[in-house]
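Small disclaimer: the values here were computed from a predicted structure and weren't measured. Protein chains get the first letters and strands the later ones, always in sequence-line order, with residue 1 at the start of each.
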Amino acid sequence: MVVAVAQESRGAEHARPWIEQAKTSYWQLIDTDHRLEDLYNLVNVPQAIWIDEQGRIARPPETAGSTDHFRRMNLATRTMSAEDQAERLVARQAYLDAVRAWVTTGAHALPADEARAGLPKVTPDIAEARARFRLGLWLRANGRAAEGDLQMAEASRLHPVSWSLWRQAADLDEVGKASGPDFWKRVQALGDRPYYPPAKL
Amino acid sequence: MTKILTPTSEHDIAAHDGLWVSPVDAERVTGWILKPEGMCRADLCVPLPAAALAPNEVDLRAFWTKLGGPVVASETQDVWALGAPPEERNAALEGLEAPDFTLPDLDGVPRSLSQLRGRKVFLATWASW
């Protein structure tokens with residue numbers, strides 16, 4: 001069973017066009033507060049967690065098939081080279097094949113100690129960032145956008161590796177801003193570090 | 001009234017001087033119950049310093065800070081957010097039992113991860129932004 005969870009603080013109607021176009025039969029859930037990211041300590045989309053029949057985490061949160069090829073795209077035309085596009089599709093297919101193999105044979109499920117070792121730790125700063133993000137969302141939703149934005153900015157400062165906190169705040173400020181010039185500046189500032197760390201399959 | 005947000009709920013509570021609240025309200029917000037031993041949940045009790053107690057009142061901010069959870073407030077302190085203590089989140093994840101959650105689908109129907117026990121679940125996030 002696939003459970004797709006939209007991290008979407010603008011609410012269900014904002015996610016609806018994508019969900020309707022996807023025409024899926026699995027659960028499509030709306031998470032306006034980014035509660036899943038809090039519970040599972042997530043930092044970006046798409047991330048996935050594999051959960052077995054006993055409700056145990058078989059693979060900790062990891063990038064769900066996306067790659068860093070987009071970082072080399074031509075920003076003027078918003079296009080990638082044919083080679084990068086092909087590599088990107090191959091990587092995505094390999095990830096989806098791994099998911100299918102797990103479903104049918106149990107392949108790629110990690111032993112408990114490895115699954116545990118792959119969990120990112122929640123630090124006090126991350127916990128505070130989540131609380132500030134939640135407060136910021138509430139303030140924004142209740143006519144106090146400027147004050148809410150300050151809380152969200154502080155959340156991003158406390159948890160700088162979370163792309164979701166920063167990009168959701170940018171999107172609330174203005175649709176499109178999450179992938180605008182400031183986003184690209186942040187991506188460039190990563191240097192050699194990955195935006196989408198590949199799943200270790 | 002003071003608004004208190006927790007990771008999964010929202011409360012309007014009579015509070016003063018920060019988050020001094022009645023033990024009844026403290027329990028409503030946190031699920032922890034004031035007893036002679038301290039604040040208790042199931043078998044676990046967390047002793048409170050004398051400074052966090054007054055007749056029929058408890059300092060929720062002091063208690064939550066003692067638990068290790070973040071406490072943040074709006075400028076005028078009319079809205080507060082209590083975050084999950086990091087050690088609670090880490091312990092839950094390290095137990096490898098996937099934390100349960102309930103979220104609505106597009107039609108507002110609540111769905112819980114625990115309803116899918118017995119099946120493999122590929123739990124994935126996405127966003128429009």
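Top candidate by heavy-atom pairs under 4.5 Å with chain A, chosen from B:P85, B:G83, B:A81, is B:A81. Considering only heavy-atom pairs separated by less than 4.5 Å from chain B, the leading option among A:A12, A:G55, A:G136 is A:G55. By number of non-hydrogen pairs under 4.5 angstrom with chain B, the leading residue of A:E154, A:R130, A:K121 is A:K121. With chain A as the partner, the residue from B:V79, B:L113, B:L106, B:D107 showing the most heavy-atom pairs under 4.5 Å is B:L106. Heavy-atom pairs under 4.5 Å with chain B peak, among A:D38, A:L119, A:V175, A:D171, at A:D38. When the candidates A:I19, A:D52, A:T32 are compared by the number of heavy-atom contacts under 4.5 Å with chain B, A:I19 comes out ahead. The greatest number of non-hydrogen atom pairs below 4.5 Å with chain B, out of A:F183, A:W138, A:W50, is found for A:W138.
Contact of A:L36 with chain B is made through the side chain alone, with heavy-atom distances under 4.5 Å. Residue contact with chain B, scored on non-hydrogen atoms closer than 4.5 Å, involves the side chain of A:V99 exclusively. Within the 4.5 angstrom heavy-atom criterion, only backbone atoms of A:N44 (N, CA, C, O) approach chain B. Heavy atoms of A:Q54 lying under 4.5 Å from chain B belong exclusively to its backbone. With a 4.5 angstrom heavy-atom cutoff, A:T123 touches chain B only via backbone atoms. The contact between A:I49 and chain B is made by backbone and side chain atoms together, counting heavy-atom distances below 4.5 Å. Residue B:E88: no heavy atom, backbone or side chain, is found under 4.5 Å from chain A. Of the atoms belonging to B:L116, it is side-chain heavy atoms, and not backbone ones, that fall under 4.5 Å from chain A. For a residue to count as touching a neighbouring chain, one of its non-hydrogen atoms must lie under 4.5 Å from one of that chain's; by this rule A:R16 touches chain B with backbone and side chain alike. With a threshold of 4.5 angstrom between heavy atoms, A:Q168 approaches chain B through its backbone and through its side chain. Residue A:I126: no heavy atom, backbone or side chain, is found under 4.5 Å from chain B.
A heavy-atom distance below 4.5 Å is not found between the side chains of A:H14 and A:S9. Considering only heavy atoms from C-beta on, A:D84 stays 4.5 Å or farther from A:M73 through its side chain. Between B:P99 and B:L93, the closest side-chain pair of non-hydrogen atoms falls below 4.5 Å. Two residues are said to be in side-chain contact when any heavy atoms from C-beta on lie closer than 4.5 Å; B:M1 and B:D78 fail this criterion. Annotation: side chain of A:R92 is in contact with side chain of A:S66 (closest heavy-atom distance under 4.5 Å).
Listed for the A:T105 side chain is a donor-acceptor partner under 3.5 Å among the backbone atoms of A:A107.
Applying the ring-ring contact (aromatic ring centres under 6.0 Å, His included) test to B:W129 and every residue at least two apart in sequence or in another chain returns nothing.
For residues 5-53 of chain B, the pairs satisfying disulfide (SG to SG under 2.5 Å) are B:C40-B:C45, with sequence neighbours left out.
Here the shortest heavy-atom pairing between A:K200 and A:E62 reads N-OE1, 3.8 Å.
Under a 4.0 Å N-O distance rule, the pair A:E53/B:K120 qualifies as a salt bridge. Between A:R157 and A:E128 there is no salt bridge, since no side-chain N of the basic residue sits under 4.0 Å from a carboxylate O of the acidic one. Salt-bridge check for A:D149 with A:R140: passed, with a basic side-chain N closer than 4.0 Å to an acidic carboxylate O. A salt bridge links A:R144 with A:E147: at least one charged nitrogen is closer than 4.0 Å to a carboxylate oxygen. We find that A:K185 and A:D182 are joined by a salt bridge, their nearest charged nitrogen and carboxylate oxygen being less than 4.0 Å apart.
For residues 7-31 of chain B, a heavy-atom distance under 4.5 Å to chain A picks out B:P7, B:T8, B:S9, B:E10, given by residue number. Using a 4.5 Å cut-off between non-hydrogen atoms, the part of residues 56-76 of chain B that approaches chain A consists of B:P70, B:V72, B:A73, B:S74, B:E75, B:T76.
Using modelled atom types and a 3.5 Å distance limit, the side chains of A:Q7 and A:S164 yield no donor-acceptor pair. For the 3.5 Å distance criterion, the side chains of A:Q28 and B:D105 fail to qualify, holding no donor opposite an acceptor.
Shown here is B:R117, whose CZ atom has more than 12 heavy atoms of other residues, nucleotides or ligands within 6.0 Å.
Checked against the 6.0 Å centroid threshold, A:Y195 and A:F70 count as a close aromatic pair.
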